[in-house]
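Keep in mind it's a predicted model, so treat the numbers as computed, not measured. Below, read A as the first sequence line, B as the second, and so on, with proteins coming before strands; counting in each chain starts at 1.
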Amino acid sequence: MVENTSDLDGENFDWDTEDELEIGNIPLSCSSLTVPGGVATIGSGEAGPSCSKTIDHFVGMGFSEKMVAKVIQEHGEENTDTILETLLTYSALEESPEEQVQHNEPDNFSSDCDYEGSFLSDFSDIDSSDNEDLANLSSDEENKIRPLLAMGYSKEEAAIALERCGRDCSLAELTDFICAAQMARAADGDYPLEVKPRLNGDYSNHKRRRLLECSKQRRLEKRILTEDDETIRLPNPMIGFGVPTDSFRRVRRDIPEAAIGPPYFYYENVALAPKGVWTTISRFLYDVEPEFVDSKYFCAAARKRGYVHNLPIENRFPLLPLPARTIHEAIPLTKKWWPSWDSRTKLNCLQTCIGSAKLTERIRKALEEYPDSEPPMSIQKYVMDECRKWNLVWVGRNKVAPLEPDEIEMLLGFPRNHTRGGGISRTDRYKSLGNSFQVDTVAYHLSTLKDLYPNGINMLSLFSGIGGAEVALHRLGIPLKNVVSVEISEVNRNIVRSWWEQTSQKGYLEHLDDVQQLNSDRLEEYMRKFGGFDLVVGGSPCNNLAGSNRHHRDGLEGKESSLFYDYFRILDLVKCIMTRNE
DNA sequence: TTTAGAATGAGAGACTCG
DNA sequence: CGAGTCTCTCATTCTAAA
């Protein structure tokens with residue numbers, strides 16, 4: 001059914017070749033990183049509409065409800081920065097060794113987790129042995145590490161920061177990196193922050209002070225940093241590490257050691273997010289370079305998305321049959337009515353809303369004014385603007401219409417009627433589909449898993465939606481052994497459940513409705529039962545990132561989009577549990 | 001009570017032109 | 001090189017009609 005057909009070059013595809021074959025380089029060095037938008041800057045100045053919302057927000061970051069309620073009572077819910085700082089202080093105090101013993105059993109973490117744990121560990125071990133060790137470093141490295149030690153960072157922290165950021169990194173960037181790691185760790189309440197019993201009882205004050213300094217410093221830096229800070233540039237053409245029809249695709253890349261799987265992970269979101277968002281996402285996801293791909297190279301509709309993943313990229317292969325790549329091929333009936341002055345060959349991004357019947361009526365009436373000739377340029381312009389904005393296609397003489405849900409399903413690579421029936425309204429279908437993966441694109445990226453897991457995989461699927469990843473793997477012929485799927489929408493869960501049953505899946509599907517339910521206990525239980533997860537997939541909400549959102553395009557700290565941090569939290573937990581159980 | 005329609009721009013990249 | 005223009009965007013919310 002599906003076979004390796006990566007060698008598709010002779011095909012005459014319609015996309016412009018000349019200047020689209022060169023692969024855009026994505027500068028992603030530490031020097032290009034801005035201040036991480038991490039937890040320290042969440043919701044600055046945002047006054048929650050209700051107290052419980054503010055509580056939820058911070059509880060979502062891993063603080064206990066009791067603690068959050070207390071802090072809000074003390075400081076009010078207006079200034080979330082103050083709340084966060086106080087919470088960090090309290091949680092730092094709470095992790096003092098005395099209490100540590102009560103709720104954190106000494107755990108036997110191995111290397112990968114160990115250094116993460118040590119980020120928040122005792123800083124009093126800066127002694128002469130550090131200086132001895134430094135003798136092994138080059139003078140350049142030594143010059144970088146020494147000031148960090150002087151600032152009170154541990155040798156391990158300094159070394160890791162240097163390793164991750166590179167030799168050319170400035171001191172400010174190194175401290176920034178360490179802060180980011182600490183904040184990330186502090187935000188993760190479930191995670192055992194300390195992995196070894198501590199003998200020194202006085203470090204919590206160090207930690208508290210350091211966390212506060214970090215928080216303040218980073219807010220200051222955020223204010224100082226202007227537009228000249230480098231951000232991740234989108235490649236042009238947007239083909240990531242390559243698409244099936246591109247004969248010059250990249251087959252090699254370096255993945256930071258901390259990111260190497262298993263577990264493999266695959267994270268997705270809109271490419272055109274506000275500035276700095278992808279820098280933050282990439283930094284949290286172990287500094288993996290995002291792969292930006294426009295699905296117009298896979299199907300007849302554009303879909304500009306960024307994917308951060310640690311999958312191999314050699315010998316990728318596409319799903320077969322290859323989907324139609326022009327509007328006319330995808331929806332042949334439109335060809336008959338397509339006017340010569342509509343030059344579109346691809347649709348724009350498939351969104352959650354469609355053009356109204358009133359709009360298409362207005363267009364029809366405007367065109368009927370000119371029954372015997374082409375409409376004047378002004379009318380053409382009006383019609384084309386609306387057609388592009390609403391993705392309208394020609395379905396009759398002077399008649400345009402929005403795409404049918406069936407057509408969107410097909411364009412996105414889902415089986416026909418995937419979202420149909422079972423009490424799902426038309427509006428719900430549009431909404432679910434508009435929020436989904438483009439299956440062919442995702443499948444192309446995931447295809448390298450087939451050789452790695454011939455017997456199937458265990459998958460953790462966060463923000464599953466209508467199951468784009470599940471469908472992609474199934475169509476690739478990769479058996480789904482155990483799938484834990486987290487999806488807030490009941491409509492979507494029903495769609496996936498129904499697909500699961502209709503495709504006679506042999507595996508086991510577990511549904512959760514909220515990522516908050518996925519704490520370390522629950523996760524460990526699943527992983528004990530299934531023997532770990534091979535793949536962690538997720539496309540966290542884009543509401544606050546997408547350009548279409550007029551009201552709350554608040555960036556990664558927005559109400560829904562901040563759930564990205566839950567993706568990171570859960571992925572990091574999976575990584576640590578897997579490493580420990582090795 | 002439910003649902004369709006309309007109103008609501010900004011932000012960022014690509015492109016053009018002098 | 002810089003200013004101006006064009007293009008596009010996994011949406012939310014209010015209102016009126018059904």
Side-chain angles (χ1 to χ4, degrees), chain A residues 16 19-20 24 26 49 227-238 267-279 292-296 299 301-307 343-344 346-363 381-382 384-392 402-403 405 408-409 411-414 419 423-439 441-442 463-469 487-489 492 538-556 558-561 563-564:
Chain A
D16 311 328
D19 52 355
E20 294 201 349
I26 307 167
E227 304 225 330
D228 59 357
D229 61 330
E230 293 176 50
T231 49
I232 297 178
R233 287 180 60 86
L234 300 177
N236 184 16
M238 200 182 278
Y267 174 81
E268 178 261 10
N269 217 318
V270 290
L272 286 86
K275 273 190 176 175
V277 166
W278 277 106
T279 311
F292 293 103
V293 183
D294 189 338
S295 292
K296 74 176 179 182
C299 68
R303 207 166 187 79
K304 299 180 183 66
R305 296 291 180 270
Y307 306 88
S343 57
R344 293 176 298 160
K346 303 273 187 189
L347 293 159
N348 281 336
C349 185
L350 308 171
Q351 305 200 96
T352 55
C353 299
I354 60 161
S356 65
K358 291 278 174 64
L359 172 67
T360 58
E361 188 189 2
R362 284 196 295 271
I363 291 174
K381 171 103 167 55
Y382 161 71
M384 286 313 302
D385 283 351
E386 297 296 338
C387 284
R388 283 186 224 272
K389 187 195 293 181
W390 293 105
N391 258 336
L392 304 174
L403 294 165
I408 298 180
E409 276 170 359
L411 288 163
L412 291 176
F414 286 93
T419 59
I424 298 156
S425 75
R426 194 177 161 86
T427 316
D428 283 340
R429 289 183 78 185
Y430 281 119
K431 184 159 186 179
S432 297
L433 286 162
N435 283 309
S436 169
F437 287 167
Q438 206 286 326
V439 171
T441 312
V442 171
F463 316 107
S464 306
I466 57 173
E487 171 55 41
I488 193 84
S489 154
N492 286 347
S540 63
C542 69
N543 310 23
N544 311 117
L545 309 180
S548 320
N549 190 335
R550 267 83 154 165
H551 297 86
H552 303 102
R553 195 183 185 188
D554 307 329
L556 207 51
K559 184 163 164 271
E560 284 85 18
S561 293
L563 287 169
F564 160 74

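- Here the nucleotide nearest the side chain of A/Arg388, chosen from C/dT9, B/dA14, C/dC8, is C/dC8.
- In the model, A/Thr419 has no side-chain atom that pairs as donor or acceptor with a side-chain atom of A/Ser432 under 3.5 Å.
- At C/dA11, one or more side-chain N or O atoms of A/Ser548 fall inside 4.0 Å of OP1 or OP2 (strictly under the cut-off).
- Atom CG of A/Asp554 and atom P of C/dA11 are 15 Å apart (whole Å).
- Across all strands shown, A/Ser432 has no heavy atoms under 4.0 Å from either base or sugar-phosphate atoms.
- Comparing C/dT13, C/dC10, B/dG11 by their nearest atom to the side chain of A/His552 picks out C/dT13.
- The distance from atom CG of A/Asp385 to atom P of C/dT5 is 16 Å, rounded to the nearest whole Å.
- In terms of modelled atom types and a separation under 3.5 Å, the side chain of A/Lys346 and the main chain of A/Lys296 share a donor-acceptor contact.
- For the pair A/Ser356 and B/dA6, the criterion of a side-chain N or O lying under 4.0 Å from OP1 or OP2 is met.
- Proximity note for A/Lys358 (side chain, C-beta onward) versus B/dC15, B/dA12, B/dA6: the nearest is B/dA6.
- Distance CZ (A/Arg429) to P (B/dA4): 14 Å, rounded to an integer number of Å.
- Residue A/Cys542 is in base contact, counting any heavy-atom pair closer than 4.0 Å across all strands shown.
- Listed candidates were C/dT7, C/dT12, C/dC10. Nearest to the side chain of A/Ala546 is C/dC10.
- One atom, CE of A/Met238, and another, P of C/dC8, lie 14 Å apart when rounded to the nearest Å.
- The partner of B/dA7 is C/dT12, judged by Watson-Crick or G-U wobble contacts that both fall below 3.5 Å.
- Of the residues near DNA chain B, A/Leu272 and A/His551, the one whose nearest nucleotide (by heavy atom distance) lies more toward the 5' end is A/His551.
- Between A/Arg426 and B/dT2 there is no side-chain polar atom (N or O) within less than 4.0 angstrom of OP1 or OP2.
- Distance A/Lys296 NZ to B/dA14 P: 11 Å, rounded to the nearest Å.
- The residue A/Thr427 sits close only to the backbone: its heavy atoms come under 4.0 Å of sugar-phosphate atoms, none of a base.
- Taking atom C1' in both B/dG9 and C/dT9, one finds a spacing of 12 Å when rounded to whole Å.
- In this structure, the nucleotide among B/dT8, C/dT7, C/dT9 sitting nearest to the side chain of A/Cys349 is C/dT9.
- A gap of 22 Å separates the C1' atoms of C/dC10 and B/dA14, to the nearest Å.
- Residues passing the side-chain contact (heavy atoms from CB on, under 4.5 Å) test with A/His551, sequence neighbours excluded: A/Asn549.
- In this structure, the side chain of A/Arg305 does not engage the main chain of A/Asn269 through any donor-acceptor pair within 3.5 Å.
- Atom CZ of A/Arg553 is separated from atom C1' of B/dG11 by 5 Å (rounded to the nearest Å).
- Pairing each heavy atom of A/Leu545 with each of A/Ser561, the nearest pair is CG-OG, 3.6 Å.
- Between A/Asn543 and C/dT12, a side-chain N or O to OP1/OP2 separation shorter than 4.0 Å is present.
- Between A/Glu361 atom CD and B/dG5 atom C1' there is a gap of 13 Å when expressed in whole angstrom units.
- A/Asp554 places no side-chain N or O within donor-acceptor distance of the main-chain N or O of A/Lys559, the cut-off being under 3.5 Å.
- Nearest to the side-chain atoms of A/Arg233 among the listed nucleotides B/dA14, C/dC10, B/dG9 stands B/dA14.
- Each of A/Gly547 and A/Glu560 lies near DNA chain C, and the nucleotide nearest A/Gly547 is the one positioned closer to the 5' end.
- Atom P of nucleotide B/dT8 and atom CD of A/Gln351 are separated by 19 Å, given to the nearest angstrom.
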How far apart are the C-alpha atoms of A/Gln438 and A/Phe414, what are their side-chain angles, what is the distance that settles it, and do they pass the side-chain contact (heavy atoms from CB on, under 4.5 Å) test? CA-CA 8 Å; A/Gln438 206 286 326; A/Phe414 286 93; over 6 Å; no
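- Contact annotation: A/Asn348 side-chain N/O to C/dT9 OP1/OP2 distance is under 4.0 Å.
- Using a 4.0 Å heavy-atom criterion, one finds that A/Arg305 contacts the bases of the nucleic acid, with or without backbone contacts as well.
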